[in-house]
Amino acid sequence: MNTMMTIGWDDFVKLSSSQKASVLKADAGQGMFHILLAQQFGRKELDDLGDLATKIRFIAKTDKGAAFLGSLLPQKRVMLYFSQPSTRTFLSFLAASQILGMRIGEVRDASVSSEFKGESREDSVRTFSSYYDCIVMRTEIGGLAERMAWVLSNTDRPVPIINAGSGKDQHPTQALLDIYTLQRSFEKAGGIDGKTVVFVGDLARGRTVRSLSYLLTNYKKVKQVFIAPKQLQIGSDVVEMLKSKKVNFELGSKFSDVIREVDAVYMTRIQDEWDQKKGESACIDISSFNFKTEYLHKMKKSAVIMHPFPRRAEIPTEVDGDERAVYWRQMRNGMWIRTALIASIFGKNKAILDYELKSRK
Ligand code: NCD
């Protein structure tokens, strides 16, 4: 029995993220359906998705392979519903859907949809589900993707919702591409286990950090360090989660002190769109939280510099040429991991693995 259909919204919303993840997992049976929270992914799912993404990018290199991938989902339509600005997430989902041969619809500006006439988001999303087979949504409202998933699960057309960034809370598919980037970066260096990951910047309002911090708890002996000005330090819910999982972590405010020990630096921008009072963030001195070119000399040779982008002054462009700067690769990884995710949601992972196996013979 589908739990989302038997549990009322008021009860569902009160569950912890891990409990919600269990409900989503049980409802998806052997596969994947709604993708809402980082908590839905354990080590096995992360390994499988990364492996699938790498096989997809290998297959896509030849015309024949690209044609095979494009023949997988031509009968499926995806709606990209982005009511918040986006470049990379939007385009990589678009490209991922194209790779799989899907047809694509988009709404990026609520002012040109019936929301402008006062339609509720719920009615909008139900409308999309009438025409599309999957809804990728980005919204400024925390928890809205969950609500929509619950709403759709209680209709006769429950199509999967993929959370492409919801409010300040979660951005699970960004965390997937971040993990994929770390997997690839440390492929020949023992993998992600045992590494030190340092998050820098606006950690209070950065949803990518929240999701990635959770995903990293799937790895052994990973140390997480959070470097931020006091007002922008990581939230107590993440701290409690790390404590309950007995993760080695530290909170600090001196970036230069940790640069020698990092294996991965995860830079973030100030999320001033969330300011409660206009100009509030501008009063915070963030200059010491920017990556300085001199850090390149202090960092380990094997370390990587990441950023979900968009960037402002956190990383000077001079750093781009250093081989440890992986943020451009990180972006491209996003396209492949999202292709792997959509293929898995629609049960095409086995066909891809079989094709790859055959093409190696
Ligand atoms: C991030 C986001 O939207 O949360 N961007 C992204 O998806 N790559 C980070 C940000 O906007 O700073």
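The shown structure was predicted, so the numbers you read here are calculated from the model rather than taken from an experiment. Both counts, for ligands and for their atoms, begin at 1 and track the order of listing. Only heavy atoms go into these numbers, but all of them, side chains included; no hydrogens, no water, no symmetry mates.
Contact residues for ligand 1 (protein heavy atom closer than 4.0 angstrom to any ligand atom): T89, R138, H171, Q174, R207, T208, R269, Q271, P308, F309, P310.
Figure legend: R138 and F82 shown without cation-pi pairing, the cationic atom not lying both under 6.0 angstrom from the six-membered ring centre and within 45 degrees of its axis. Both the sub-6.0 Å distance and the 45° axial angle are satisfied by R108 relative to the ring of F90.
Of the possible polar contacts, one joining the E45 side chain to the G42 backbone as a donor-acceptor pair under 3.5 Å is found.
Annotation: Q75, atom CD; neighbour count of heavy atoms from other residues, nucleotides and ligands within 6.0 Å is above 12.
Between Y214 and F41, the distance from one ring center to the other does not fall under 6.0 angstrom.
Using bins of under 30°, 30° to 60° and over 60° for the plane-to-plane angle, the ring pair F12/W9 lands in the tilted bin.
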